Amino acid sequence: MATISSGRVFNLTPVQSLIGGHHAGNNNSNNTNTNITNNYGVQVPSSVPETFGQLVERTDWGVSPPEIDLDHLRDEYNQPEVGTGEWIFNDDGYRGWREGSESKLLWLCGGPGTGKTMLAKRVAAELLKGPGDPQHGVKLVFNFVSPEFPTDEISADEAELPQRKLAQIPSDLLYSILRQDEKLFDSCKAELRCQGDKLFTNPGSLWKILGNAIRDCNRDPVYILVDGADGLKETLCIELIGRILGLMKIHKVKIFLSSRDVPHVSNTLSRNHTKYAKINLDSNSLASVREDVKTFIGRRVDALGWDVSLKTKAKEALLAKSEGTFLWASMAAENLECYSSGPDFDTFLEKAPSGLENIYRSILSSVSKRDGSDKVLNMIQSVALALRPLTFGELGHVLACIEEKSKTEKRSHRGASTKIEPRTKEEVRKYVQSSLGFLRATDKTVSLAHHTAREYLFAENSNGLPVLSKSEADLNISWECFQYLHQAFAEPEMFQEVNDRAHHDRSQDSSLRQDHKEDETGETPWEVARSDPREAVVKRPYLRYAAESWFIHARRSIDISKDKFCDDPTRNWLQHQFFETGDVIRKPWIELCGDPKMEVLAGEQTPLHVTVSLGLMPLVEKILPNLTEDTNSNRSLLHLAAKWQHATTRSSRFRPLAHAGGPGEQICKIWGPGTK
C-alpha cells in the first residue's frame with residue numbers, strides 16, 4: 001500500500017499520510033476530504049477511512065491498484081492463447097500440490113520468455129473461478145513482482161531501495177486480499193492509526209498485517225501466488241521467499257512461486273526444509289511447452305492473412321528456432337509482419353536469429369535502418385530507463401518532446417516549451433508498433449516486452465542502442481523532469497529568466513504571457529497548481545512521473561563527470577526555485593514524489609540541506625568547493641554523508657551520520673545549530 005516506483009498499490013505520498021499525533025483517537029468514518037496541517041505545514045487527510053471501500057473512493061488517499069489486479073486476471077483478454085497452458089492442470093506436480101491436505105509450495109521455473117507469467121495468470125484465473133463476493137472469502141492472494149532496474153554499482157539510494165521494494169510486495173498482497181474481503185481491513189486500519197505514514201515504508205509491520213489477515217481468512221487453504229521472484233536482487237529474493245514460507249506457520253496455505261531456476265531460489269527452499277513440487281519449463285521432456293509454442297505461433301501467423309504455403313513455411317521456420325520460448329516467438333512473429341513474400345521473406349526465415357539476445361539485436365538493427373529511427377530508438381531508451389511502465393499520457397509527452405528536439409537542437413531539455421502537445425493514445429500505439437515488438441502496450445501503459453530486454457540494452461557488450469550511455473541518458477531525463485516541475489509550479493518570469501541565462505532564448509514569451517491569465521478565483525495557473533498538485537497532474541500528464549523520478553534519475557547519473565552534471569551552463573540546477581530557501585516548488589513536489597523522507601525538505605531549508613538530503617553529491621560539491629578541494633571526493637566525509645544519508649534520516653530533522661564524534665557531526669557544524 002506504499003507508493004513504490006513500479007506496480008504500486010496504495011499510492012500514499014508523504015502529505016497523504018497521518019503524521020505525529022494529529023490522527024490519534026480520530027475515528028471519524030465520514031467520507032469527506034477534509035484536511036489538517038501536519039507537523040511540517042503540509043495538508044494531509046484528517047481521518048483514517050473506516051473501510052477499504054472508503055480508502056479506494058477517497059481521492060485524497062490516492063489509492064490505485066497494481067498493474068495486474070483482480071480485474072486484469074478475470075479478463076479473458078489477458079489470458080494466454082486459447083488452448084495453451086491447460087496442460088498444467090493435469091501435471092502430477094500441480095495436482096499433488098492442489099489436492100494435498102497440507103501446506104505446500106509449487107515452484108514453476110524456466111528461462112526468460114518461457115511463459116512463466118502467462119502460466120501464472122492461467123493458474124490465477126483457475127483459482128479465482130466462481131462467485132467473487134465476500135461470502136466466498138479470499139480465493140487467491142497474489143503479486144506479480146516488477147523486476148528491479150539493474151545497477152552497475154551502489155547508487156545514492158541503494159541502501160533504502162530493498163526496504164521500499166520489500167514493503168511494496170506485502171502491499172500488493174494486502175490489496176488483493178482486501179478487494180476480496182473488506183472485513184479484514186480492521187487490522188490494517190489499527191496500524192494506520194498507530195503508525196501513520198511510517199507503516200507504508202515498514203516491511204516488518206506490513207508482513208505482520210498480512211499474516212494477521214491470512215490467519216483471519218475464512219478459507220482453508222489460502223492460495224498465495226508470487227510470480228517473478230527472481231526479478232529482485234538476490235538478497236531481497238531470499239528474504240521474500242523466507243517471508244512467504246513463514247506464512248505457512250500461521251495458516252494452511254498453498255504457495256505458487258514462479259522464477260528462473262537459479263541457485264539462490266533452490267537453495268533457499270532447501271534450507272527451509274520446505275515441502276515443494278517443481279515444474280521445470282526448460283526440461284526437454286516437457287513436450288507440452290513445445291505444443292503451446294506451436295499453437296501460439298500458428299495463431300499469430302494465421303492472423304497475417306497469407307496463403308497456405310507461406311503460412312506453413314513461416315510456422316515451420318519459427319517453431320524450429322523458437323527453442324520453446326514464447327517471447328522469442330512473439331517478437332519474431334512481430335518482425336515477420338514486415339514481410340509478405342519474395343527474397344526478404346525467405347532471407348528472414350532462413351536467417352531469423354535464435355535466442356533472445358540475437359532477436360533483440362536483430363530488432364534494433366531493423367529499427368535503425370528505417371526512416372525516423374532516431375525517434376523510435378529514443379523512445380525505446382526512455383521506456384527502458386523509466387522507473388515503472390509509462391502511461392499513454394506520460395509517453396505521449398515524451399514522444400512530443402523527442403519530435404520537438406529532432407526539429408531543433410536549440411533546446412537541450414524536453415519540457416522547455418509550454419507549446420508542446422502530447423501525442424494521442426493512437427499516435428503512441430503507432431510508435432510502439434514501430435518498435436517491432438521491443439515494446440508492449442496494455443490498455444493503460446507501455447513497457448519493455450520483457451525485463452531481459454533492459455538487461456540487453458545496457459549490457460557492456462551488447463552493442464545496444466546507438467544513442468547515449470545509461471548515466472548520461474538518466475541525467476537528461478532527470479533534467480527534463482526537473483524542468484517540467486518548474487513549468488507547473490514556478491512563476492513564469494522567474495523560470496524564463498533562469499532559462500534565458502542558460503539558453504538566451506525568448507521564443508516562449510508569447511506562451512508565457514498566456515500563463516498570467518487568472519481564473520475565477522483570481523489565482524494564476526501556477527498558484528492553482530501549487531494549492532492542488534493532484535489536479536495539476538490531471539492537466540499535465542507527465543507531472544506525476546517528473547515528481548516521482550527526477551531525483552532518482554539524478555542519483556543514477558552521479559558517476560558521470562561533474563562538468564556534465566552541473567558545470568554545463570545549460571543545466572543550472574541551483575539557480576532554480578526548487579533549491580531556494582523557500583519551499584514554493586518543494587511543497588507541491590513533496591505531495592507527489594512518493595518518498596516519505598522528503599517531508600524534511602518542507603519549510604525553509606538551505607540549498608546545502610536540500611542537496612545533501614537528495615544525495616546529489618556534484619551539487620553539494622558545487623555549493624561547498626572549499627570542503628572538497630584537494631580531497632578524493634569518493635572518500636571525503638561529505639561524500640559519505642551525502643551517499644548514505646538516507647540510512648540515518650529521522651522524521652524530525654535530517655541527520656546524516658550524526659553520531660557523537662562521527663563524520664556527520666562535522667557536517668552538522670557546517671549547517672549550524674538544529675541539524676543534529
Side-chain angles (χ1 to χ4, degrees), residues 7 9 52-53 56 65-108 110 115-145 172-185 210 213-229 244 247-248 251-258 276-279 281 288-289 291-292 295-296 299 326 442-444:
V9 184
F52 180 66
V56 173
E67 183 179 6
I68 298 179
D69 62 357
L70 280 169
D71 295 333
H72 179 104
L73 293 176
R74 286 172 170 154
D75 187 347
E76 291 184 1
Y77 178 81
N78 298 315
Q79 289 298 306
E81 292 277 349
V82 176
T84 64
E86 299 288 348
W87 61 267
I88 194 170
F89 303 125
N90 295 315
D91 183 88
D92 291 341
Y94 179 88
R95 294 182 62 181
W97 170 76
R98 182 78 189 271
E99 298 168 4
S101 59
E102 299 178 326
S103 293
K104 194 173 183 180
L105 181 142
L106 175 62
W107 181 23
L108 177 72
K116 298 185 295 297
T117 295
M118 296 309 291
L119 274 173
K121 288 183 179 181
R122 176 73 78 194
V123 170
E126 178 71 17
L127 296 174
L128 288 168
K129 280 183 178 178
D133 57 71
Q135 291 184 349
H136 292 81
V138 177
K139 296 180 177 180
L140 175 67
V141 184
F142 61 89
N143 176 244
F144 289 78
V145 178
D172 283 14
L173 296 170
L174 275 170
Y175 189 97
S176 66
I177 287 179
L178 298 175
R179 272 289 308 273
Q180 297 170 74
D181 189 350
E182 290 197 14
K183 297 191 299 293
L184 299 172
F185 181 61
L210 177 64
I214 289 176
R215 181 197 61 206
D216 296 337
C217 283
N218 60 359
R219 299 277 292 198
D220 188 10
V222 173
Y223 288 97
I224 301 173
L225 183 150
V226 177
D227 172 69
I244 295 293
L247 299 174
M248 287 183 169
H251 197 95
K252 180 181 174 182
V253 297
K254 300 290 185 73
I255 300 170
F256 184 99
L257 177 72
S258 78
Y276 71 92
K278 180 178 179 181
I279 300 176
L281 300 179
S288 302
V289 174
E291 284 300 312
D292 278 354
T295 300
F296 174 80
R299 287 210 170 89
F326 282 93
T442 66
D443 56 340
K444 296 179 181 179

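This one's a predicted model, so the numbers in the text were calculated from it and none came from an experiment. Heads up: numbering here begins at 1 and tracks the sequence.
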Is the closest side-chain heavy-atom distance between Ile224 and Ile214 below 4.5 Å? yes
Do side-chain atoms of Arg299 reach the backbone of Val82 as a donor and acceptor pair under 3.5 angstrom? yes
Over all atoms of both residues, closest heavy-atom pair of Leu128 and Lys139: O-NZ, 3.7 Å
Near Glu99 CD, under 6.0 Å, is it more than 12 heavy atoms from other residues, nucleotides or ligands? yes
Is there side-chain contact between His72 and Lys444, with at least one heavy-atom pair below 4.5 Å? no
Enter the distance from Leu127:CG to Leu140:CG here, rounded to the nearest 0.5 Å. 5.5 Å
Please report the interatomic distance CG(Leu210) to CD1(Ile177), rounded to the nearest 0.5 Å. 5.0 Å
Could you state the interatomic distance from CD (Glu86) to CD (Glu126), rounded to the nearest 0.5 Å? 7.5 Å
Nearest heavy-atom neighbours spanning Phe185 and Phe52: CD2-N, 3.4 Å
Which heavy atom in Gly228 sits nearest to a heavy atom in Val145, and how many Å separate them? O-CB, 3.6 Å
Do Arg98 and Arg95 come within less than 4.5 Å of each other through their side chains, counting heavy atoms only? no
Which atoms form the tightest heavy-atom contact between Leu281 and Gly110, and what is the distance? CB-CA, 4.2 Å
Rounded to the nearest 0.5 Å, the CD1 atom of Ile279 sits from the CD1 atom of Ile88 at a distance of 4.0 Å
Can you check whether Ser176's main-chain N or O pairs, donor with acceptor, with Gln180's side chain at less than 3.5 Å? yes
Taking the side chain from His251 and the backbone from Arg219, do they hold a donor-acceptor pair closer than 3.5 Å? yes
Of all heavy-atom pairs linking Leu73 and Gln79, the shortest is O-NE2, 3.1 Å
CG/Leu184 to CG/Asn218 distance, rounded to the nearest 0.5 angstrom? 8.0 Å
Leu105 CG to Ile255 CD1 distance, which is reported to the nearest 0.5 Å: 5.0 Å
Heavy atoms, side chains only, cut-off 4.5 Å: are Phe256 and Leu119 in contact? no
Do the side chain of Asn143 and the main chain of Leu173 share a donor and acceptor less than 3.5 angstrom apart? no
Whether Lys116 side chain and Leu108 backbone form a donor-acceptor pair below 3.5 Å: no
State yes or no: are the ring centers of Phe142 and Tyr223 separated by less than 6.0 Å? no
Kindly determine whether Asp71 and Arg179 satisfy side-chain contact (heavy atoms from CB on, under 4.5 Å), including the steps that lead there. CA-CA 10 Å; Asp71 295 333; Arg179 272 289 308 273; 3.5 Å; yes
Spell out, as yes or no, whether a donor-acceptor pair under 3.5 Å connects the side chain of Trp97 to the backbone of Lys254. no
Short question: side chain of Arg122, backbone of Thr84 - any donor-acceptor pair under 3.5 Å? yes
Grab the two heavy atoms, one from Ala213 and one from Leu174, that are nearest each other, plus how far apart they are. CB-CD2, 4.4 Å
Contact between Lys183 and Asp216 at the side-chain level, heavy atoms closer than 4.5 Å - yes or no? no
Using atom types as modelled and distance alone, determine if a side-chain donor or acceptor of Lys278 lies under 3.5 Å from a backbone N or O of Gly93. no
